[in-house]
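Taking it in order: structure first as structure tokens, then the write-up.
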2 protein chains.
Amino acid sequence: MSSKAPKDSPPTTERGRQRRNALLDAAQRLFLEHGYGQVSVNDIVAQAGGSLSTLYRHFGNKEGLFQAMIERRSHHIYDTLTADGVDELPIENALQRLGIDLLIKVMDEETLGIYREVVAESPRQPQLARLFFDGGPGRVRRALADYFDRRVQRQLMPAGDSIELAGIFLGMLLGEWHLIRVLQLESPPSRAAIEDRVTRCVDLFLHGVQGFPSSRRQ
Amino acid sequence: MSSKAPKDSPPTTERGRQRRNALLDAAQRLFLEHGYGQVSVNDIVAQAGGSLSTLYRHFGNKEGLFQAMIERRSHHIYDTLTADGVDELPIENALQRLGIDLLIKVMDEETLGIYREVVAESPRQPQLARLFFDGGPGRVRRALADYFDRRVQRQLMPAGDSIELAGIFLGMLLGEWHLIRVLQLESPPSRAAIEDRVTRCVDLFLHGVQGFPSSRRQ
DNA sequence: AAGATAGTGTAGTCTACACTACACATTGAG
DNA sequence: CTCAATGTGTAGTGTAGACTACACTATCTT
């Protein structure tokens, strides 16, 4: 009958992919800066160039565009964090490296924006939650748990629920900081402050609070 | 001139306080269930009974009502958590008790709803962020840090940045769990699961990962 | 060169909703 | 008893914005 592709259509032509990406780029900029509810589809088209009809052909509706944007970004952001080649390092250094990389990413204004929007919209768009979690935080946790598992197998570490252990370590790293940055209560931490905190967390994770933190050794 | 009380007016009469509370109750139920943007002031008046004019007399506008509601709830929720009388317990038990109380509160659907709404709206309403943080999470962190300080003074614990330490411990407790519940990816944990996790966290916090977790002792 | 596929541009429809206006009722203090 | 404050109810007003319709153009394949 007619040429309808009501859902998310895979772009066939080169020009198609360009338009699609332009729309995603504009959506990303505007949604993350002003929030999903505050941005109209017309705003996005105005920013991206092109036409409203194209937007609807590609994404079906406003939610479809939003989800496509979130999925693209969650993957991209956490792609740099799969952290391989750390098996040769002592665990302190491995955790340190992963921690610093993670905190830098997570404290980044773009990442925070995605987090805010996902939290805000997930009650209405449950697929969004999965998209984000599996593409982002869940993958980091999985990667860290795998690292722990390998160490257990090499008998460098006691066995345990490695996925939970990974979650706890990641929780330590973010702790209060994440909330404070999400709510924009303080300005972003410096690189030095991040390194400092990660050191303290790694030490605490490995030795606990009763064995004096290494930052306190004189 | 006219009888204008454009901002948040202190209720003078008894009847006034009743109406005001009825509005706050309705706002709470609806905002937390459907989200700030999805609920109209007319919905709230319909739920609360009374009249639209009354709402505007009390709160000035929709945002004012929202903020009053959030402030009231943040305080109420975390009021049960100031956790005193723990100084006499061994630290394991003190942390255990506080951890369980906290996790139960934080995993509660109402608390999660407040968190979602604050995160969603704080970019547009920055006062909201402070209101929530200082009335809620910030107070818990402060209380725990004070507890650490007292222990340091009694030489039961090495000195350090107690506020950061408190933040890290709280981060361990919440870890992955909070995000998972915020995004509604899993159903609420049982009381037993909570106790289990808190035990593991306390142990890890005190002894680190290299001393086998207590849950692994046979 | 023809027809399919994708893109453009404009104009319009329909609905939702924050906020206001206004006329009237209730209450309680002095 | 009165007057000032407070609450009620209804009926707007104005605007914003998601989505559609439609007529037309550009590009690509065969």
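Heavy-atom basis, side chains included; hydrogens, waters and symmetry copies ignored. Below, read A as the first sequence line, B as the second, and so on, with proteins coming before strands; counting in each chain starts at 1.
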Between P of C:dA18 and CD of B:Glu63, the distance in whole Å: 11 Å
Is the closest basic N to carboxylate O distance between B:Glu109 and B:Arg181 below 4.0 Å? yes
Would you mind classifying the nucleic acid contact of B:Val45 as base, sugar-phosphate or nothing, using non-hydrogen atoms under 4.0 angstrom? nothing
Rounding to a whole Å, what distance do you find between A:Leu52:CG and D:dT20:P? 10 Å
Would you mind checking if A:Lys105 and A:Asp101 are paired as a salt bridge, meaning a charged N to carboxylate O distance below 4.0 Å? no
Identify whether any heavy atom of A:Ser40 sits under 4.0 Å from a base atom; if not, whether one sits that close to sugar-phosphate; answer base, sugar-phosphate or nothing. sugar-phosphate
Could one point to a donor on the side chain of A:Ser51 or the base of C:dG7 with an acceptor on the other under 3.5 Å away? no
Under 4.0 Å from OP1 or OP2 of C:dA6: is there any side-chain N or O of A:Arg19 that close? no
Could you tell me whether the phosphate oxygens of C:dG7, OP1 or OP2, come under 4.0 Å of any side-chain nitrogen or oxygen in A:His58? yes
Considering the options B:Asp149, B:Leu144, B:Val152, B:Asp146, which one meets the side chain to side chain contact (heavy atoms under 4.5 Å, CB included) requirement together with B:Ser162? B:Asp149
Taking the six-membered ring of B:Tyr36 (Phe, Tyr or Trp), confirm whether the NZ or CZ of B:Lys62 is under 6.0 Å from its centre and within 45° of its axis. yes
What is the distance, rounded to the nearest whole Å, between atom OH of A:Tyr56 and atom P of C:dT5? 24 Å
By nearest-nucleotide position on DNA chain D, the 5'-leaning member of B:Gly50 and A:Val41 is B:Gly50
Write down the distance between CD (B:Gln38) and P (C:dT15), rounded to a whole number of angstrom. 19 Å
Could you give me the CA-CA distance, side-chain angles and deciding distance for B:Arg150 and B:Asp87, then say whether salt bridge (Lys or Arg N to Asp or Glu O under 4.0 Å) is met? CA-CA 8 Å; B:Arg150 290 195 300 274; B:Asp87 287 271; 2.7 Å; yes
Is B:Ser53 near enough to D:dG7 that one of its side-chain N or O atoms lies under 4.0 angstrom from OP1 or OP2? no
Can you tell me how far P of D:dA18 sits from CZ of A:Phe59, to the nearest Å? 15 Å
What's the CZ-C1' distance between B:Arg17 and D:dT6, to the nearest Å? 14 Å
Whole-Å gap separating P (C:dA6) and CG (A:Leu23): 15 Å
Starting at atom CG of A:Leu55, determine the distance to atom P of D:dT20, rounded to an integer number of angstrom. 12 Å
